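Please read all numbers here as calculations on a predicted model, not as lab measurements.
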Amino acid sequence: MKSYFAGKDTCGACPIKKACTDAQFRTVTRHMDEEARQAVRDLRDTAAYDESRRRRKKVEMLFAHLKRHLGFKRLRLRGLKGAKEEFLLAATAQNLKRLAKMVPC
């Protein structure tokens, strides 16, 4: 955060001081990455963001199902390769479970 201060002399002589502040002088606080934050706020109202949000929710629901119903609370294999293999097996189990529900008895 970066703060900008206007002194009493500057604010006291300003013709629009009443509309700006009731204090003796004005302080403006601005985040260092405000340009990036504003760019993200602008993207928030696009159709691509809505689609991305729907996809993220779908993925998060699948991970929640893995944790709650399949006991996937902690990885047992080490390293990226082990994690990749474990997730592949878990996703396969999830897909087989969903496939079994689709097949009529």
Side-chain angles (χ1 to χ4, degrees):
M1 300 294 267
K2 186 165 182 153
S3 296
Y4 298 97
F5 298 99
K8 284 184 181 180
D9 301 334
T10 307
C11 278
C14 183
I16 59 168
K17 181 180 182 255
K18 293 286 185 197
C20 184
T21 183
D22 293 333
Q24 291 182 350
F25 59 92
R26 172 114 189 233
T27 302
V28 177
T29 306
R30 183 173 163 88
H31 197 276
M32 297 297 285
D33 298 320
E34 189 61 36
E35 291 83 14
R37 293 166 59 112
Q38 187 58 45
V40 171
R41 282 187 214 110
D42 294 340
L43 288 174
R44 183 175 53 196
D45 300 326
T46 62
Y49 176 80
D50 290 338
E51 178 65 26
S52 168
R53 192 166 153 214
R54 276 194 293 278
R55 287 183 180 187
R56 280 194 313 262
K57 282 184 180 180
K58 187 181 275 189
V59 169
E60 287 297 326
M61 288 300 293
L62 293 173
F63 277 113
H65 184 266
L66 281 172
K67 287 174 75 175
R68 283 196 197 111
H69 302 293
L70 298 179
F72 203 75
K73 295 183 187 215
R74 186 175 4 173
L75 295 175
R76 288 162 182 79
L77 301 176
R78 297 188 181 227
L80 290 175
K81 185 178 178 187
K84 186 176 180 180
E85 289 177 8
E86 203 164 339
F87 269 101
L88 180 62
L89 286 172
T92 303
Q94 241 180 359
N95 288 337
L96 287 173
K97 190 174 178 182
R98 292 171 81 188
L99 185 63
K101 288 181 181 181
M102 291 181 192
V103 176
C105 296

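Minimum heavy-atom separation, Thr46 to Leu43: OG1-O, 2.8 Å. The nearest pair of heavy atoms linking Gln94 to Leu66 is NE2-CG, 3.7 Å.
Applying the salt bridge (Lys or Arg N to Asp or Glu O under 4.0 Å) rule to pairs touching residues 54-70 yields Glu51-Arg54, Glu51-Arg55, sequence neighbours excluded. Counting only residues at least two apart or in different chains, salt bridge (Lys or Arg N to Asp or Glu O under 4.0 Å) contacts with residues 92-103 are absent. Within the structure, side-chain hydrogen bond (donor to acceptor under 3.5 Å, both in side chains) contacts touching residues 75-89 (residues at least two apart or in different chains) do not occur.
Residues passing the ring-ring contact (aromatic ring centres under 6.0 Å, His included) test with His65, sequence neighbours excluded: His69. In terms of the salt bridge (Lys or Arg N to Asp or Glu O under 4.0 Å) criterion, residue partners of Arg30 (sequence neighbours excluded) are, by chain and number, Glu35. Applying the ring-ring contact (aromatic ring centres under 6.0 Å, His included) rule to Phe87 yields the partners Phe63, Phe72; only residues at least two apart in sequence or on another chain are considered. A search for side chain to side chain donor-acceptor pair (under 3.5 Å) contacts involving Asp45 returns nothing, not counting sequence neighbours. Taking Met1 as the reference, Thr29, His31 meet the side-chain contact (heavy atoms from CB on, under 4.5 Å) condition, with sequence neighbours excluded. Here Glu34 pairs with Arg37, Arg41 under the salt bridge (Lys or Arg N to Asp or Glu O under 4.0 Å) rule; sequence neighbours left out.
The distance from atom CG of Leu99 to atom OG1 of Thr92, rounded to the nearest 0.5 Å, is 12.0 Å.
No donor-acceptor distance shorter than 3.5 angstrom exists from the side chain of Ser52 to the backbone of Ala48, with no hydrogens or angles considered.
Other residues, nucleotides and ligands contribute more than 12 heavy atoms inside 6.0 Å of the CG atom of Leu96.
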